[in-house]
Amino acid sequence: MFELMFCSLLTILPDYLFRRYVQGKRFGKEITFFSIWYELRWGITGCLMLTVSLITMIFYFHPSTTSAALYFRTVPILPEGSGRVAEVNVGFSEPVKKGEVLFRLDSSKQEAALETAKRKVAEVDASFTTAQADVTKSEAQIQEARAAHQQAKDELDVKSDLQRRNPGIVPQRDIEKLQVLVDQRQAGIDAATAAKQSSVLRVSTLLPAEKASAEAALAQAQVDLDKTFIRAGVDGRVEQFLVRVGDVVNQLMRPAGVLIPEGAGQQSLQAGFGQIEAQVMKEGMVAEATCISKPWVIIPMVVTTVQDYIAAGQFRTGEQLIDPQNIARPGTILVFLEPLYKGGLEGVTAGSSCIVNAYTGNHEEIVAKETSTGRKIVLHVIDGVGLVHALLLRIQALLLPIKTLVLSGH
């Protein structure tokens, strides 16, 4: 309506003034209800064409959408395992801090596994002490075997020397027995040395590996026990928390509740614009928004991200071919907007529906020296008609409470 009134001032009004003061035709005489189309046909036709062109230009270069909301992320409250609830520490709706325990599952099984792992570590530590004693014992056995070997060897050397000096004085059988005894004592040294090496390897290699495994099992048992304590991953607020003591929960069931991170829905606003605005929407565009949860307020914003993909075109690999005709309705271009000033979204409830206008700005191209005069005029007109859209947004913001509370059958 505003566009029609504005265009009529540029077309119908001059046509009427020409008819009235140049041709002398007046309303009620030459210009009547039946002849107005013939008399003012040029002005009416020009008004319609100019109005359609103006509306098209406004909505194309300064796009608007009612599909905008402050989307926010939620974190489902789910345990990593399954079990029966033993303790609940929060209510239906309550603020929580990161790391705070929300509820606890029955942990008798995990506690038993943890105690078993601790006993295993203690057992390996005791084996260390025993193995070190075995090393000391093996060293003593080596010394004993070497002493016995040296005694037998000395006796063999004495009798062998006597036999060499006085053949026949020592029976050959005694010398052979002594030689066998020396070999036996040497075998005892080798056996004691091998036993020591085995004990040393047990202390340096086997038992450390067993202790590492026992400590890993202990750590795993501790992790399993910690998993029975379901904690808040971030600062935020718990909502719709209905779990009570005695309930059985697991990942296949519905979440125990929802954790909404602190500040969720206060950083950016997401809006879906029509596909025809794909060439117009750019990062850095100035925009304005008004939300139902904060009526009569215009929030200055700026476009930060324009998604390059339209969700309606996505598909998953399957057994059927894709038929574009099956798309129910065309998708929109997702645009992320942030407040132009700090705290711009304060007071706007997360999830609130909003109306967003974006405005094309051509200032840089207008002030560029290489831009022709004709193009500068056109760009000035494009930027100027954004005022019409800004006025329409303020009218919408003014009427939004009335439309919501009165005309919607509240």
Side-chain angles (χ1 to χ4, degrees), residues 68-118 215-272 291 293-294 299 301 304-305 307 309 311 314 316 334-339 342-354:
L70 273 76
Y71 293 100
F72 57 93
R73 182 176 65 92
T74 60
V75 181
I77 302 174
L78 279 173
E80 294 188 30
S82 61
R84 189 174 298 277
V85 178
E87 181 182 351
V88 177
N89 299 324
V90 295
F92 178 81
S93 176
E94 187 175 324
V96 295
K97 294 295 183 180
K98 181 179 180 180
E100 183 177 343
V101 178
L102 305 180
F103 66 96
R104 180 178 64 84
L105 301 177
D106 180 66
S107 58
S108 56
K109 179 180 179 181
Q110 289 78 7
E111 289 175 355
L114 180 63
E115 186 63 26
T116 301
K118 289 180 178 179
E215 289 176 345
L218 176 62
Q220 181 62 47
Q222 184 64 53
V223 169
D224 293 338
L225 179 61
D226 293 340
K227 287 181 180 179
T228 61
F229 294 85
I230 288 74
R231 304 175 184 272
V234 295
D235 295 342
R237 187 176 187 86
V238 171
E239 295 289 349
Q240 301 179 8
F241 189 75
L242 300 174
V243 170
R244 293 296 177 262
V245 175
D247 292 347
V248 177
V249 295
N250 58 54
Q251 292 184 343
L252 299 179
M253 300 174 63
R254 65 174 180 82
V258 175
L259 174 60
I260 302 175
E262 185 176 353
Q266 300 298 322
Q267 286 79 25
S268 65
L269 185 147
Q270 294 81 42
C291 299
S293 59
K294 194 175 181 180
I299 305 173
M301 310 201 76
T304 57
T305 305
Q307 187 168 280
Y309 307 96
Q314 65 180 334
R316 295 180 179 178
L334 182 61
V335 176
F336 292 82
L337 304 101
E338 294 184 1
K342 185 178 180 181
L345 292 177
E346 290 183 2
V348 181
T349 305
S352 176
S353 297
C354 303

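Just so you know, residue 1 is the first one in the sequence shown, and it goes up from there.
For the pairing with L259, the side chain to side chain contact (heavy atoms under 4.5 Å, CB included) check across L102, V96, T74 returns one residue only, V96. Among the candidates L78, V85, I77, the single residue satisfying the side chain to side chain contact (heavy atoms under 4.5 Å, CB included) test with V249 is V85.
When the side chain to side chain donor-acceptor pair (under 3.5 Å) test is applied to T228, no partner is found at least two apart in sequence or on another chain. Scored by the side chain to side chain contact (heavy atoms under 4.5 Å, CB included) test, T304 finds V302, F336, E338 as partners (sequence neighbours excluded). Applying the side chain to side chain contact (heavy atoms under 4.5 Å, CB included) rule to P339 yields the partners M301, L345; only residues at least two apart in sequence or on another chain are considered. Every residue was checked against the salt bridge (charged side-chain N to carboxylate O under 4.0 Å, His left out) condition with E100, not counting sequence neighbours, and none meets it. The side chain to side chain contact (heavy atoms under 4.5 Å, CB included) test applied to S353 returns I292, not counting sequence neighbours. E111 pairs by the side chain to side chain donor-acceptor pair (under 3.5 Å) definition with S107, not counting sequence neighbours. For D235, there are no side chain to side chain donor-acceptor pair (under 3.5 Å) partners at least two apart in sequence or on another chain. Listed by chain and residue number, E80 satisfy the salt bridge (charged side-chain N to carboxylate O under 4.0 Å, His left out) test with K227 (two or more places apart in sequence, or in another chain). In this structure Q220 satisfies the side chain to side chain donor-acceptor pair (under 3.5 Å) test together with D224, sequence neighbours excluded.
Residue S293 comes nearest to V348 through the heavy atom pair OG-CG1, 3.6 Å, listed as atom of the first residue, atom of the second, then distance. A69 approaches G351 most closely through the heavy-atom pair CB-O, 4.4 Å. Nearest heavy atom pair, residue V101 against residue R231, reads CG2-NH1, 3.2 Å.
Pairs engaging residues 238-251 under the salt bridge (Lys or Arg N to Asp or Glu O under 4.0 Å) rule: R237-E239 [sequence neighbours left out]. For residues 82-116, every residue pair satisfying the ring-ring contact (aromatic ring centres under 6.0 Å, His included) rule, not counting sequence neighbours, is listed here: F103-F241. Applying the ring-ring contact (aromatic ring centres under 6.0 Å, His included) rule to pairs touching residues 71-91 yields nothing, sequence neighbours excluded.
Q307 and T305 are not linked by any side-chain donor-acceptor pair at a separation below 3.5 angstrom, with hydrogens and angles left out of the test.
Using a 4.5 Å heavy-atom cutoff, the side chains of S93 and Q240 are not in contact.
Of the inter-residue distances, the one linking L225 atom CG with E115 atom CD reads 11.5 Å to the nearest 0.5 angstrom. Rounding to the nearest 0.5 Å places SG of C291 at 4.5 Å from CD1 of I299. Taking CG of L105 as the reference point, atom CZ of R84 lies at 10.5 Å (rounded to 0.5 Å). Atom CG of L269 and atom SG of C354 lie 4.5 Å apart (nearest 0.5 Å).
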Test K118 against L218 for side chain to side chain contact (heavy atoms under 4.5 Å, CB included), laying out the working first.
CA-CA 6 Å; K118 289 180 178 179; L218 176 62; 3.5 Å; yes
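Between the side chain of K294 and the main chain of E346, a donor-acceptor pair closer than 3.5 Å is present.
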